[in-house]
Amino acid sequence: MKQKLVLPGDQLSTSEELLPGDGTFEENGIIRAARIGTYIVDEKHRTAEVKPASSTPVLLKRGDIVIAKITMAKTTMIIAEVVHVTGKNRSISSDTDATIHVKEIAQGFIKDASMEYKPEDYIRAKVIQVKPSVQLETKERNFGAIKALCSKCRHPLIKKSNGLECENCGNKEHRRIADDYGNLDIKNF
C-alpha cells in the first residue's frame, strides 16, 4: 500500500490507472486530492483515496446515541446540551442545544418532565431529529440518566433497590435512569 501526504488539487493518478475514491475527484481524466491527507492506493478496489490529515468534527444525525447534560427541566420538556456522540472522539460541530418533549421520555405517560430529569444530570439519549432543532428521546431501557446529583447537597446519587439515594445527606430522589446507571464504562463512550 503506497502512502504520501497530499494537498487539495494535487494530481494523484489518471482515471485509466485507478478509480476516484474517498477524498478524491476526477477532472479531465486526472484524479486529484479533494483534501489534505495521506494518499493511499486501495489495491483491492483499484481506487485512489485520501485519508484526512485530521479527523473531521462530528455532525449530529438522526439515530446517533449521545451523552447530554440537562440544563433546564420544565413541565413539558427538558432542555439539554449534547456533549458527546458515542463512538466518536471529536467535538460536535453542529448545534448542541437539544430538547426532549415529555412524550419522548418514556414508553408510558409522564405527567411532568421535570420529575424525570434535573439540571446537571447526564443522560444517554437518541437523536430523533436534527432540523430545524435537535430533538432527543430516552424511551429505551439503555437511555436515561447515567449520572445524577443530589438536589440538596450536589453529591452523586447512588442506585439503590428503591431508587436513587445520596450517601452524603440521605436524600432519596427519582430519575428515569439508564439500565446501567452507576456501572458505566467510560471506554464505551
Side-chain angles (χ1 to χ4, degrees), residues 22 51-189:
D22 189 40
K51 301 294 181 196
S54 64
S55 58
T56 54
V58 176
L59 287 171
L60 288 176
K61 62 185 186 305
R62 191 169 191 252
D64 279 345
I65 308 302
V66 299
I67 305 299
K69 182 180 181 182
I70 306 299
T71 56
M72 188 182 302
K74 298 181 173 187
T75 305
T76 59
M77 79 170 71
I78 300 296
I79 300 170
E81 177 189 358
V82 177
V83 296
H84 180 73
V85 178
T86 57
K88 308 287 184 184
N89 293 325
R90 291 284 294 184
S91 60
I92 303 165
S93 66
S94 53
D95 188 15
T96 58
D97 293 330
T99 58
I100 307 172
H101 190 274
V102 67
K103 70 179 172 48
E104 299 297 341
I105 292 175
Q107 293 289 345
F109 175 74
I110 301 291
K111 183 177 181 179
D112 185 347
S114 67
M115 300 304 290
E116 303 300 315
Y117 301 121
K118 306 282 185 204
E120 305 298 312
D121 287 354
Y122 282 88
I123 64 166
R124 182 185 303 115
K126 182 191 282 187
V127 176
I128 57 173
Q129 174 184 306
V130 289
K131 298 262 186 229
S133 63
V134 179
Q135 303 285 318
L136 306 175
E137 67 99 349
T138 59
K139 291 180 178 180
E140 295 173 38
R141 288 187 48 206
N142 58 326
F143 299 146
I146 56 174
K147 179 182 177 188
L149 300 177
C150 175
S151 298
K152 292 183 180 178
C153 71
R154 309 307 299 156
H155 279 75
L157 293 171
I158 308 299
K159 184 178 176 182
K160 302 283 184 173
S161 59
N162 59 346
L164 300 178
E165 186 176 319
C166 177
E167 290 187 333
N168 185 57
C169 72
N171 184 35
K172 293 180 180 166
E173 297 191 26
H174 167 77
R175 297 288 197 288
R176 164 140 174 75
I177 61 172
D179 56 1
D180 62 348
Y181 181 95
N183 297 317
L184 295 175
D185 183 357
I186 299 299
K187 288 179 261 171
N188 290 334
F189 279 17

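Partners of Lys160 by salt bridge (charged side-chain N to carboxylate O under 4.0 Å, His left out), not counting sequence neighbours, listed by chain and number: Glu167. Here Arg176 pairs with nothing under the salt bridge (charged side-chain N to carboxylate O under 4.0 Å, His left out) rule; sequence neighbours left out.
Summarising the geometry, atom CG belonging to Asp112 is positioned 4.5 Å from atom OG1 belonging to Thr75; distances are rounded to the nearest 0.5 Å. A distance of 11.0 Å separates CD in Glu120 from OG in Ser151, rounded to the nearest 0.5 Å. With rounding to the nearest 0.5 angstrom, the CD atom of Gln107 is 6.0 Å from the NZ atom of Lys139. The line from CD1 of Ile123 to NZ of Lys147 is 14.5 Å long, rounded to the nearest 0.5 Å. For the atom pair NZ (Lys103) and CZ (Phe109), the distance works out to 13.0 Å, reported to the nearest 0.5 Å. Atom CG of Asp121 sits about 8.0 Å away from atom CG of Leu157, to the nearest 0.5 Å.
Applying the salt bridge (charged side-chain N to carboxylate O under 4.0 Å, His left out) definition to pairs two or more places apart or across chains, none involves residues 149-159.
Inter-residue side-chain proximity for Ile100 and Ile105 is flagged as met; some heavy-atom pair is nearer than 4.5 Å. Between Ile79 and Lys74 the shortest side-chain heavy-atom distance falls below 4.5 Å.
Pairing each heavy atom of Ala73 with each of Tyr117, the nearest pair is CB-O, 3.4 Å. Looking at every heavy atom in both residues, Val83 comes nearest to Tyr122 through CG2-CE2, 4.4 Å. The two residues Ala113 and Ile78 have their closest heavy-atom pair at O-CD1, 3.4 Å. The shortest heavy-atom contact between Glu137 and Phe143 is O-CD1, 4.1 Å. Across Asn171 and Cys150, no two heavy atoms sit closer than the pair ND2-SG, 3.4 Å. When all heavy atoms are compared, the tightest approach of Cys166 to His155 is SG-CB, 3.9 Å.
Results of the side-chain contact (heavy atoms from CB on, under 4.5 Å) test with Val127 over Asp64, Val82, Ile65, Val85 single out Asp64 as the only residue that passes. Residue Leu136 is tested with Thr99, Ile128, Val66 for a side-chain contact (heavy atoms from CB on, under 4.5 Å); the sole match is Val66.
Between the side chain of Arg124 and the backbone N or O of Asn142 there is at least one donor-acceptor pair closer than 3.5 Å.
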- Task: May I have the step-by-step check of side chain to side chain contact (heavy atoms under 4.5 Å, CB included) for Glu104 and Gln135, ending in yes or no?
- Result: CA-CA 9 Å; Glu104 299 297 341; Gln135 303 285 318; over 6 Å; no
- Query: Checking salt bridge (charged side-chain N to carboxylate O under 4.0 Å, His left out) for the pair Arg175/Glu116: CA distance, chi angles, key distance, verdict?
  - Reply: CA-CA 5 Å; Arg175 297 288 197 288; Glu116 303 300 315; over 6 Å; no
